[in-house]
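A quick write-up on the structure given underneath.
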Amino acid sequence: MKRPLIFLALLIITAIFCFAGPEEVDIYAYLYNSSLTNSAQLDILQSMAEAKLTGAGEFYAKALRRLVSEYKNIRNVTEKNAADEQAMILSALLGAEKYTQAAPDLWLVVEAFSAPLVKAEALMALGKIRATNYLPQVIRVLNSVNAAPTTDRLTGERIAFGAIISLEKFGDPSGYLPVFFAATGWYSNRIKDQALRSLPLIAKDPTPFMMEVVKGPGYSYPTKYTALQTIEAADVSPQNKVSVAVAALAEGWRGSTSDVQLRTTLASMRKLAINMINRYKTEDESIYPLLERSYTQGFDSDEKLRAIAALASQGTDESARRLSTFLMDLNAKRQSGNIRQEDEQMVRAVIPALGQTGRPIGRPALNAVISLDWTPAVKTLAQNAISQIGN
């Protein structure tokens, strides 16, 4: 509730001086500095905010500095709540004024005030005024809250929200990954959705950041998988997508764990990477041993079939050479009678894949199929594949 005496004073002084601009700020400043309680000062600030003054940054900065210095001595609960409200209003007004000189005191608000909404407002103001000296501190705040849910989840979410908006306003690439981890973190959808909206305002192309996550030794397998999913869904070039996919496939085979769930995550990452290589193609020759490994040591038949399809889509001599090797091994099993049900499934995938490559290098293995004791259906697949191969 606004105090009548304060409004009366404002009305009288306004009528006498018919002030505008700096004079108006001076009058508010006089009233503010004459107020003996935080509650009274809060009333003045609320009036200033409603008046939408300009050019009051210096006053707001001085008021915030005074508030920070006196805050620890406030004992009355009502006055402390009023001080929290003051800090929020002053932070917002300084952000709107883009008053960079207030950065040190805004950071003191983050450190000294316990209320999460106050911290959030000060964090946002630091971003709005582009206080680059404090960018590492804002990143550290978000990384800390990202790490694990706070005891009171709402407290953590409020602080995270302030840090996310701050990093959006900074628009510095160093803030991208902390906001990305917020978008995939423990928060409610409101916070995660805000992080997703902020990401493209920090950096338009997520490729280098997702590559860093996929290849970085400090990130978990689920996080790496999420990074691959993110780049697949992003509006970036196929070349960028497949570059991360190749790295993810390599990482999927480099990783090793006895944890069943994590092994499944690694397999899922490899499968998605293989699909992306199939879809977007690449000239990176490192894919061939990786795809062969997925065929020979894959998590399940699904991974093996995806590897076959990815090799076929490349349409190179090297892909045909690898597929020919697979088919010759299957022919040898057929000849020795050591054939399994999965082998029957694989031969029906490898043969059309060889035909898809269109490479003559695949013809000998296909001809061998016709001369061995495969079923008529398999031999028909081989004849069709041969017809697809040029001279």
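Hydrogens, waters and symmetry mates play no part in the numbers below; they use all other heavy atoms, side chains included.
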- Item | Flag side-chain contact, heavy atom, 4.5 Å: V242 against K281 | no

- Message: Looking only at the side chains, is there a donor atom on one of D284 and T282 sitting less than 3.5 Å from an acceptor on the other?
- Response: no

- So, R190 side chain and Y187 main chain: donor-acceptor pair closer than 3.5 Å or not? no

- Does a sphere of radius 6.0 Å around CD in E58 hold more than 12 heavy atoms from other residues, nucleotides or ligands, not counting ones at 6.0 Å or beyond? no

- Item | Pairwise side-chain contact, M210 with L177, heavy-atom cut-off 4.5 Å (strictly under) | yes

- Contacts of T380 meeting side chain to side chain donor-acceptor pair (under 3.5 Å) (sequence neighbours excluded), chain-then-number -> none

- Task: Tell me, with the steps shown, if Y30 and I27 meet side chain to side chain contact (heavy atoms under 4.5 Å, CB included).
- Result: CA-CA 5 Å; Y30 172 79; I27 292 170; 5.6 Å; no

- Message: Could you check whether any side-chain N or O of T155 sits under 3.5 Å from a backbone N or O of T151, counting only pairs where one atom can act as donor and the other as acceptor?
- Response: no

- Item | Residue that, paired with Y219, satisfies ring-ring contact (aromatic ring centres under 6.0 Å, His included) out of F180, F181, Y225 | F181

- Note on the structure: So the ring pair (Phe, Tyr, Trp, His ring centres under 6.0 Å) pairs with at least one residue in residues 237-275 (sequence neighbours excluded) are none

- Can S91 and Y60 be counted as having a side-chain donor-acceptor contact under 3.5 angstrom? no

- For atom NZ of K169, is the number of surrounding heavy atoms from other residues, nucleotides or ligands below 6.0 Å larger than 12? no

- After noting the C-alpha distance and the side-chain angles of D84 and Y71, does the key distance pass the side-chain hydrogen bond (donor to acceptor under 3.5 Å, both in side chains) rule? CA-CA 9 Å; D84 286 345; Y71 182 73; 3.2 Å; yes

- Task: Please confirm whether the backbone N or O of L311 pairs with a side-chain atom of S319, one donor and one acceptor, at under 3.5 Å?
- Result: yes

- Query: Got a second to check how far I89's CD1 is from L45's CG, nearest 0.5 Å?
  - Reply: 5.5 Å

- Task: Begin from the C-alpha positions of T223 and T226 and carry the test side-chain hydrogen bond (donor to acceptor under 3.5 Å, both in side chains) through to its verdict.
- Result: CA-CA 5 Å; T223 300; T226 299; 5.9 Å; no

- Looking only at atom types and distance, does a side-chain atom of K224 sit under 3.5 Å from a main-chain N or O of V214, one as donor and one as acceptor? yes

- Under the 3.5 angstrom rule, does the side chain of N278 hit a backbone N or O of I274 as a donor-acceptor pair? no

- Query: Are Q314 and I277 close enough, and set up right, to give a side chain to side chain contact (heavy atoms under 4.5 Å, CB included), and what steps lead you there?
  - Reply: CA-CA 8 Å; Q314 304 309 301; I277 291 169; 3.6 Å; yes

- Message: Return the NZ to CG distance between K379 and N384, rounded to the nearest 0.5 Å.
- Response: 14.5 Å

- Item | A51 to E24 - nearest heavy-atom pair and separation | CB-OE2, 4.2 Å

- Query: With distance as the sole test, does Q86 use its side chain to make a donor-acceptor pair with the main-chain N or O of L67 at under 3.5 Å?
  - Reply: no

- Item | Side-chain heavy atoms of S188 within contact of R153, under 4.5 Å | no

- Item | Partners passing side-chain contact (heavy atoms from CB on, under 4.5 Å) against Q194 (at least two apart in sequence or in another chain) | F161, I164, I165, E168, R197, S198

- Verify, without hydrogens or angle tests, whether Q388 (side chain) and T357 (backbone) share a donor-acceptor contact under 3.5 angstrom. no

- Task: Mind listing the closest non-hydrogen atom pair of Y134 and A103 along with its distance?
- Result: CE1-CB, 3.8 Å

- Query: Any side-chain heavy-atom pair from L94 and I129 closer than 4.5 angstrom?
  - Reply: no

- side chain to side chain contact (heavy atoms under 4.5 Å, CB included) between Q41 and R66, intermediate numbers included: CA-CA 12 Å; Q41 291 171 350; R66 172 183 168 185; 3.0 Å; yes

- side chain to side chain contact (heavy atoms under 4.5 Å, CB included) assessment of L167 paired with L135: CA-CA 8 Å; L167 293 174; L135 174 58; 3.5 Å; yes

- Task: Could you tell me the separation between the CG atom of L262 and the OG atom of S220, rounded to the nearest 0.5 Å?
- Result: 8.0 Å

- For F326, all residues meeting ring pair (Phe, Tyr, Trp, His ring centres under 6.0 Å), sequence neighbours excluded: Y295

- Query: Excluding sequence neighbours, so at least two apart, what forms ring pair (Phe, Tyr, Trp, His ring centres under 6.0 Å) with Y32?
  - Reply: F59

- Item | Listed partners of L196 passing side-chain contact (heavy atoms from CB on, under 4.5 Å), at least two apart | A183, D193, L199

- Message: Are F299 and T264 packed together at the side-chain level, in the sense that at least one heavy-atom pair is separated by less than 4.5 angstrom?
- Response: yes

- Task: Just grab all the ring pair (Phe, Tyr, Trp, His ring centres under 6.0 Å) pairs involving residues 346-382, residues at least two apart or on different chains.
- Result: none

- Note on the structure: residues 255-273 vs salt bridge (Lys or Arg N to Asp or Glu O under 4.0 Å), sequence neighbours excluded, gives R270-E303, K271-D300, K271-D302

- Message: Checking the side chain of W107 only, and the main-chain atoms of A122 only, is there a donor and an acceptor separated by less than 3.5 Å?
- Response: no

- So do the side chains of N38 and N81 get within less than 4.5 Å of each other, counting heavy atoms only? no

- Message: Looking at every non-hydrogen atom in both residues, tell me the closest pair between I159 and P116 and how far apart they are.
- Response: CG1-CB, 3.9 Å

- Note on the structure: Value for CD (E283) from CD (E285), rounded to nearest 0.5 Å, stands at 9.0 Å

- Message: Checking the side chain of K119 only, and the main-chain atoms of V110 only, is there a donor and an acceptor separated by less than 3.5 Å?
- Response: yes

- So, does K241 use its side chain to make a donor-acceptor pair with the main chain of E232 at under 3.5 Å? yes

- Task: Using salt bridge (Lys or Arg N to Asp or Glu O under 4.0 Å) as the criterion, list what pairs up with E157, not counting sequence neighbours.
- Result: none

- Just by distance, with hydrogens left out, do D152 and T150 show a side-chain donor and acceptor under 3.5 Å apart? no

- Return the set of residues passing side chain to side chain donor-acceptor pair (under 3.5 Å) with E344 (not counting sequence neighbours), or none when no residue passes. R334, R348

- Query: Looking at residues at least two apart in the chain, or sitting in another chain, which of them share a ring pair (Phe, Tyr, Trp, His ring centres under 6.0 Å) with F209?
  - Reply: Y176

- Message: Tell me every residue that passes ring pair (Phe, Tyr, Trp, His ring centres under 6.0 Å) with Y99, counting only those two or more places apart in sequence or in another chain.
- Response: none

